[in-house]
Amino acid sequence: MLFKTDAEKAFGVETYLSPEMDAAIKLWGQLENGKPPWVDDDIRTIRFSNTISEEMAKLVTQNIDIKIQGTRSGVMPGQMQKVMDKCFLDNAKEIIYSMVAFGGVMAKWDGKGVEFLRPGMFLPTEVDNKEILAAIFLSYWRKEKKIYTKMEWHRFENVTSKREDGESSTVRTYHISTKAFRSDNEDVIGTPVPLSATKWKDIEPEAWIDGLEKPLFRYIKCPVSNGIDPNSPIGVPCFSNCTEELRWLDIAMSTMGTETENSAPVLFVDVNMVKYANEHSLKLPKFVHKLDLGGRAGEQIEDWQPTLQVASRKEGINFYLSVIGFKCGYDPGYFVFDGQSIQMATATQVESTERRTVNTVLSYRSVLDRPNSNGDGRVGAIHDIAYIINAGLIINGKAEDGTIIPFVENGNYELFCDFADLTENKEEEKLFDYQLAQNGYMSKARFLIRHLGLTEEEAKAMVAEAQAEQQPDGGALFGEE
């Protein structure tokens with residue numbers, strides 16, 4: 001349910017969603033739901049686009065950790081950490097999956113935390129250099145066979161007012177307009193109703209917020225070139241350039257499945273033989289089928305033994321998998337039909353054979369967190385989400401647990417983000433550290449701390465005990481005489 005025309009009419013504004021992107025978003029939804037347009041009685045789908053997106057989301061968010069600390073004493077960092085954990089970290093893989101599978105996901109303050117909306121739940125109304133600066137957000141609610149739609153229009157406006165001295169001053173303020181509609185049919189927006197008649201009764205129809213530097217939303221865009229509509233601010237999924245290959249893969253898999261399903265041997269016999277068996281209550285094997293070609297009664301017609309083309313089918317399927325994987329940013333051979341998986345045995349092997357996959361993952365991570373281009377701090381979607389949380393808590397004046405958030409807590413936080421090192425190999429690192437310890441370049445206690453998880457005291461005690469046992473004791477076992 002995306003009421004583009006109704007939203008434009010409700011707020012008197014133009015939205016940026018081209019017919020090409022609208023059709024593409026619907027196609028991506030069909031792919032995820034297992035209903036692509038090529039599915040019919042003969043062709044089924046394995047939903048491989050979901051597998052691609054799931055794998056990328058897993059790699060991007062592997063061991064992701066976000067820590068929020070205060071720049072001074074106060075309650076803000078702790079409250080922000082709670083919201084960040086609940087809204088993002090606890091669901092990071094699912095959120096990034098939506099970004100990968102639908103070209104982007106919108107993070108938006110929902111009054112208590114941050115919600116993440118897929119395309120189809122928002123309409124850009126102001127764009128600058130493909131960055132969404134204003135948008136209409138849609139949400140739905142069902143009650144007693146009625147469908148309620150809420151539309152929120154978020155944007156910045158320049159408001160001019162007169163000061164006490166008679167001079168005019170212009171202030172940049174954040175304006176949120178909210179409207180509700182009720183309908184009996186999910187395909188129709190229905191009639192306007194007051195917010196007080198809905199579950200959104202606590203929301204003011206018009207709200208102005210001063211002092212914001214950024215919107216209370218952030219579009220997290222997939223780092224893939226948009227070949228569908230290059231001018232659109234909406235992103236495209238990693239598999240947008242290989243939709244045709246996904247169709248071929250479904251055809252290849254369906255053909256192999258149908259061939260396997262029909263691979264049982266068949267014995268064709270004359271219809272009179274089947275008739276005789278039925279009349280005498282004789283149960284024939286399942287592979288026996290009757291065939292009446294006008295031949296001599298009782299004569300066996302043919303024994304059919306189907307031949308499976310497993311090798312050639314698998315070769316073709318793996319070819320499509322390799323093409324799809326490469327076009328989605330994975331290394332050739334990352335996806336293999338026979339169950340083979342990529343093993344990152346050493347950092348050297350990763351550098352030489354898995355560099356394309358690693359670089360793709362790093363490009364996605366850079367959308368979330370990366371160094372600022374001017375060398376001052378770090379930027380990215382996670383930092384903007386933290387800003388939204390900080391601003392939202394200040395606007396509310398209190399956290400969800402009732403903690404009072406005074407205005408002086410504005411900006412009282414620092415954010416640190418970390419991911420798993422995809423090129424790290426623990427066994428190789430452990431062997432290298434062992435060699436350092438054996439050659440005297442690392443203390444044995446330090447080795448035990450790094451690789452056995454011992455505390456410093458435990459490691460030193462363990463080393464001291466081993467050294468004591470190695471002292472001369474007169475040659476007797478365990479120091480006995």
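All values below were derived from every heavy atom in this structure, side-chain atoms included, with hydrogens, water molecules and symmetry-related copies excluded. By convention here, the first residue in the shown sequence is residue 1.
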Have [X] and [Y] got a donor and an acceptor in their side chains that come within less than 3.5 Å?
X	Y	value
Arg44	Ser254	no
Thr198	Arg182	no
Thr173	Glu157	no
Thr178	Glu152	no
Thr403	Asp401	yes
Glu55	Tyr334	yes
Glu409	Asn412	yes
Ser18	Ser232	no

- Audit row: Gln79, Val83, side chain to side chain contact (heavy atoms under 4.5 Å, CB included) steps and yes/no: CA-CA 7 Å; Gln79 294 300 329; Val83 178; 5.8 Å; no
List the atom of [X], the atom of [Y], and the distance in Å for their closest heavy-atom pair.
X	Y	answer
Asn396	Trp109	ND2-CZ2, 3.6 Å
Pro124	Pro233	CG-CG, 4.2 Å
Cys242	Cys328	SG-SG, 3.7 Å
Gly333	Ser322	N-OG, 4.0 Å
Ala92	Thr61	O-CG2, 3.8 Å

- When the ring planes of Phe116 and Phe88 are compared, do they come out parallel, tilted or perpendicular, using 30° and 60° as the limits?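 Answer is tilted, since the angle falls between 30° and 60°.
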- Item | Residues that Trp208 engages under ring pair (Phe, Tyr, Trp, His ring centres under 6.0 Å), provided they are two or more places apart |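 Ring pair (Phe, Tyr, Trp, His ring centres under 6.0 Å) check on Trp208 returns His175.
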- Sequence neighbours excluded, which residues qualify as ring pair (Phe, Tyr, Trp, His ring centres under 6.0 Å) partners of Tyr174? His154, Phe156
Using a cut-off of 6.0 Å, state whether more than 12 heavy atoms not belonging to [X] lie near its atom [atom1].
X	atom1	result
Glu204	CD	no
Phe419	CZ	yes
Arg118	CZ	yes
Glu213	CD	no

Return yes if some donor-acceptor pair links the side-chain N/O of [X] with the main-chain N/O of [Y] below 3.5 Å, else return no.
X	Y	result
Thr45	Gly34	no
Asp250	Ile46	yes
Lys179	Ala10	yes
Tyr387	Pro215	no
Thr455	Glu458	yes

- Query: Among Lys67, Gln69, Met84, Met80, whose side-chain contact (heavy atoms from CB on, under 4.5 Å) with Leu415 holds?
  - Reply: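 Output: one option passes, namely Met84.
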- Item | Trace of the side-chain hydrogen bond (donor to acceptor under 3.5 Å, both in side chains) decision for Ser168 with Thr160 | CA-CA 7 Å; Ser168 297; Thr160 302; over 6 Å; no
- Would you check if the distance from the ring center of Phe122 to the ring center of Phe217 is below 6.0 Å?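 Ring centroids of Phe122 and Phe217 are no less than 6.0 Å from each other.
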- Task: Answer with yes or no after comparing the ring centroid distance for Tyr330 and Phe335 against a 6.0 Å cut-off, counting only values under it.
- Result: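 When the ring centroids of Tyr330 and Phe335 are compared, they turn out to be within the sub-6.0 Å range.
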- Output, in order, the C-alpha distance, side-chain angles, deciding distance and verdict of salt bridge (Lys or Arg N to Asp or Glu O under 4.0 Å) for Asp384 and Lys214. CA-CA 8 Å; Asp384 288 337; Lys214 302 177 183 179; 2.7 Å; yes
State, yes or no, whether a side-chain contact exists between [X] and [Y] at a heavy-atom distance under 4.5 Å.
X	Y	value
Val100	Tyr364	yes
Gln62	Arg365	yes
Phe239	Leu31	yes
Asp418	Ile64	no
Trp153	Phe137	no

Is [X] salt-bridged to [Y], cutoff N-O under 4.0 Å?
X	Y	value
Arg378	Asp369	yes
Glu456	Arg446	no
Asp184	Lys145	no

- Message: Evaluate Lys4 against Asp22 for salt bridge (Lys or Arg N to Asp or Glu O under 4.0 Å), listing each step before the verdict.
- Response: CA-CA 10 Å; Lys4 180 178 184 294; Asp22 188 29; over 6 Å; no
- In sequence, state the C-alpha distance, the side-chain angles, and the governing distance for Asp229 and Val236, and then conclude on side chain to side chain contact (heavy atoms under 4.5 Å, CB included). CA-CA 9 Å; Asp229 181 1; Val236 296; over 6 Å; no
- Intermediate values then yes/no, side-chain hydrogen bond (donor to acceptor under 3.5 Å, both in side chains), Glu32 and Tyr97: CA-CA 11 Å; Glu32 183 187 40; Tyr97 166 86; 3.2 Å; yes
- Here the gap from Thr71 atom OG1 to Met76 atom CE, rounded to the nearest 0.5 Å, amounts to 10.5 Å
- Message: Please determine whether salt bridge (Lys or Arg N to Asp or Glu O under 4.0 Å) holds for the pair Lys93 and Glu54, giving the CA-CA distance in whole Å, both sets of side-chain angles, and the decisive distance to 0.1 Å.
- Response: CA-CA 8 Å; Lys93 182 180 175 183; Glu54 184 83 14; 2.9 Å; yes
- Message: side chain to side chain contact (heavy atoms under 4.5 Å, CB included) for Trp200 and Ser139? Distances and angles first, verdict last.
- Response: CA-CA 11 Å; Trp200 306 298; Ser139 57; 4.1 Å; yes
- Task: Would you mind telling me which of Arg218, Lys86, Lys108 makes a salt bridge (charged side-chain N to carboxylate O under 4.0 Å, His left out) with Glu115?
- Result: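 For Glu115, the salt bridge (charged side-chain N to carboxylate O under 4.0 Å, His left out) check succeeds only for Lys108.
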- Message: Show, in sequence, the C-alpha distance, side-chain angles and deciding distance for Ser177 and Met151, and conclude whether the side chain to side chain contact (heavy atoms under 4.5 Å, CB included) test is met.
- Response: CA-CA 8 Å; Ser177 300; Met151 293 185 181; over 6 Å; no
